[in-house]
Asks: 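Before I ask anything, let me first share the structure, which is written out below as structure tokens.
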Amino acid sequence: MIKRIPISALKVGMYITDLNNDWIPHNTQRKRGVIKREETIEKIRRMGVQYVYIDVSRGADCQDSEPAAEVDRRNETALQNAGALKPGYTPKAPLAEEIVIAQQVHSQAQSLVGNFMNNVKIGGAIDVAPIHQLADELQNSVLRNANALSCLGRIREKDNYLLEHSVNLSVLMSLFGHYRKLSQDVLHQTIVGALLHDIGKILTPDEVLHKPGRLTAEEFEVMKLHARHSRDILASTEGIGEITVITAAQHHEKLDGSGYPEGLKGDEITEYGRMVAITDVYDAITADRVYHKGLTPTQGLKKLLEWSGDHLDPTLVKQFIRCVGLYPIGSLVLLESGKLGVVIETNESDQRLPVVRVMYHTRFRLPITVETIDLSRPGNQDRIVRAVDPEDYKLDIRKFLI
């Protein structure tokens, strides 16, 4: 049986199945195995890990353990409660119309961010005007129909993670900031900060930045420097506002002080730093990477809830969930009819009733004719049973998003 235990209860002889630390970027530490030395426990504790998962059938148990199924049930309840918050926004343009514009903006965004980083790296002329214009275009697309850019954010490649992550983060920050009613200027600055939050990685050695295997402790310390580099680069760049600098500088800070580069705690982290920490973790843990199989969107939201309080702001996490929905864009859901569908549009009036694109029947375990269904439409009787993992059915949901 898999159980969760507090780090204080971790002992030699226990078998770890999950370090529960995917919130740590570039986390390439071994996650499974028997604890053989006290030094290993201390190393895990220094990471800021609060809870780990153990297999009591393969190692020692303890009184403080809790079945993983119970933790998941609690997170599911918290997710449903968070999704019951007041509605966010109402799309102003049809998805089919906005997706055409969003594809152009998304492609342009990756190109511009890539060029900007390259220019900084070679010491060339830095022109921030295109970045500011891009931030406005991203925000405008989100305001017209956030589902479009959100769909594109789920179509990603492992080898292009850095640029796709920066663009996706800006989309999430735009949606989040709009929901929280940030002023136009502040929202704009946070979007720019999200676009350029990883610019400091241009100073990270390639052998560390692109290492496919596990990072050593020393290499991880080098990797962590990118947040400080991002802050310093942006702070010295003309045309970049203070909130943009803060957004980039604090995207890895955590409430308990286990983050970096400054190890800020609690109220020392700004509102924007707390927001970007949530969006950064969510996008990172739901992405497939060379050393990390991404969680499903729903699994990602549950992890945000589990890490709330210790690492992430619990109030802001609940608000973020309301922004992206109980079943975020790209979620694969099982319907009562037995059909599987990928969520392509959220429903701001009732998050339980999004628009889905069905393509598979679980009872027959066969593909079916692709069909788009609005679960909120009068007369429709189908309902979502739960979110599922595409891996369980060998489905590539990217094929059905646009």
Side-chain angles (χ1 to χ4, degrees), residues 23-27 47-48 109 112-114 116-117 119-121 126 128 131-132 134-135 138-139 161-163 165-174 176-177 180 182-183 185-205 208-209 220-285 304 307 310-313 316-317 320:
W23 45 267
I24 298 177
H26 309 286
N27 175 31
M47 293 179 187
L112 276 177
V113 172
F116 188 90
M117 295 178 75
N119 285 339
V120 173
K121 187 172 185 177
I126 301 175
V128 299
I131 295 293
H132 286 301
L134 172 62
L138 284 165
Q139 184 182 350
Y161 173 79
L162 182 59
L163 293 180
H165 174 57
S166 295
V167 176
N168 290 346
L169 196 62
S170 67
V171 173
L172 291 172
M173 284 297 286
S174 178
F176 200 6
R180 302 200 68 244
L182 298 183
S183 70
D185 176 63
V186 170
L187 178 56
H188 176 89
Q189 289 198 54
T190 59
I191 296 172
V192 174
L195 280 168
L196 302 177
H197 77 290
D198 270 345
I199 192 172
K201 287 183 177 178
I202 63 172
L203 299 179
T204 303
V208 174
L209 184 61
F220 185 56
E221 290 303 313
V222 172
M223 180 68 79
K224 288 164 63 175
L225 292 174
H226 81 270
R228 180 171 286 123
H229 293 324
S230 290
R231 179 197 64 195
D232 295 344
I233 291 171
L234 293 178
S236 62
T237 300
E238 186 176 353
I240 294 294
E242 180 182 2
I243 293 176
T244 291
V245 176
I246 291 173
T247 301
Q250 296 184 357
H251 72 279
H252 286 312
E253 300 287 0
K254 298 294 181 286
L255 294 183
D256 62 357
S258 64
Y260 59 87
E262 304 300 333
L264 302 178
K265 293 183 179 181
D267 291 340
E268 294 174 343
I269 307 173
T270 66
E271 171 188 5
Y272 320 115
R274 296 178 187 216
M275 290 173 63
V276 75
I278 292 168
T279 54
D280 182 72
V281 167
Y282 174 75
D283 189 68
I285 64 177
L304 294 184
W307 297 328
D310 296 321
H311 303 301
L312 306 173
D313 187 302
L316 291 179
V317 165
F320 176 72

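Numbers here are sequence positions counted from 1. All heavy atoms count here, side chains included; hydrogens, waters and symmetry mates do not.
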Asks: Please report the shortest heavy-atom distance between N168 and D283, naming the atom on each side.
Replies: CB-OD1, 3.3 Å
Asks: For the residue pair D313 and I278, what are the closest heavy atoms and their distance?
Replies: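 Nearest pair, atom of D313 first, then I278: O-CD1, 4.0 Å.
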Asks: What pair of heavy atoms forms the shortest contact from I233 to G200, and how long is it?
Replies: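 The answer is CD1-CA, 4.2 Å.
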Asks: Of all the heavy-atom pairs spanning T247 and A194, show the shortest one and how long it is.
Replies: CG2-N, 4.1 Å
Asks: Could you tell me whether the side chain of H311 and the main chain of A277 form a donor-acceptor pair under 3.5 Å?
Replies: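 Judged by distance alone, no pair lies under 3.5 Å.
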Asks: Do side-chain atoms of H132 reach the backbone of G239 as a donor and acceptor pair under 3.5 angstrom?
Replies: yes
Asks: Looking at side-chain heavy atoms only, is the closest gap between S166 and H197 below 4.5 Å?
Replies: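 The answer is yes; the side chains approach within 4.5 Å.
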Asks: Between L316 and E271, what is the shortest heavy-atom contact and its length?
Replies: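 Minimum heavy-atom separation between L316 and E271: CD1-O, 4.3 Å.
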Asks: Evaluate the criterion salt bridge (charged side-chain N to carboxylate O under 4.0 Å, His left out) for residue pair R274 and E253; output intermediate values, then yes/no.
Replies: CA-CA 8 Å; R274 296 178 187 216; E253 300 287 0; over 6 Å; no
Asks: For the OG atom of S170 and the CG atom of L138, what is their distance to the nearest 0.5 Å?
Replies: 4.5 Å
Asks: Locate the shortest heavy-atom distance separating G273 from Q250; write the atom from each residue and the value.
Replies: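 So the two residues come closest at CA-OE1, 3.5 Å.
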Asks: Evaluate D280 against L169 for side-chain contact (heavy atoms from CB on, under 4.5 Å), listing each step before the verdict.
Replies: CA-CA 6 Å; D280 182 72; L169 196 62; 4.1 Å; yes
Asks: Please round to the nearest 0.5 Å and tell me the distance separating atom CE of M275 and atom OG1 of T190.
Replies: 6.0 Å
Asks: Between the side chain of S230 and the main-chain N/O of H226, is any donor-acceptor distance below 3.5 Å?
Replies: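 Indeed, once roles are kept as given, a pair shorter than 3.5 Å links the two residues.
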Asks: Can a donor-acceptor pair be found, under 3.5 Å and without considering hydrogens, that links the side chain of H165 to the backbone of L162?
Replies: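 No; zero donor-acceptor contacts below 3.5 Å.
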Asks: Can a side-chain donor-acceptor contact be found between S183 and D185 if the only test is distance below 3.5 angstrom?
Replies: no
Asks: When rounded to the nearest 0.5 angstrom, what distance separates CD1 in I243 from OH in Y272?
Replies: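 If we round to the nearest 0.5 Å, I243:CD1 and Y272:OH are 4.0 Å apart.
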Asks: So do H251 and D198 actually touch side chain to side chain, heavy atoms under 4.5 Å?
Replies: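 Yes, at least one pair of side-chain atoms sits under 4.5 Å.
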Asks: To the nearest 0.5 Å, tell me how far L203 CG sits from R228 CZ.
Replies: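 These two atoms lie 12.5 Å from each other.
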Asks: What distance separates L196 CG from M117 CE, expressed to the nearest 0.5 Å?
Replies: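 Taking CG in L196 and CE in M117, the distance rounds to 8.0 Å.
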Asks: Between F116 and V128, is a side-chain contact (heavy atoms from CB on, under 4.5 Å) present by the stated rule, with each step listed?
Replies: CA-CA 8 Å; F116 188 90; V128 299; 3.8 Å; yes
Asks: Do F320 and L312 make a side-chain contact, defined as non-hydrogen atoms from C-beta onward lying under 4.5 Å apart?
Replies: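 Not in contact.
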Asks: Nearest 0.5 Å, what's the CG-NZ distance between D256 and K265?
Replies: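 Answer for the CG-NZ pair, D256 versus K265, is 8.0 Å.
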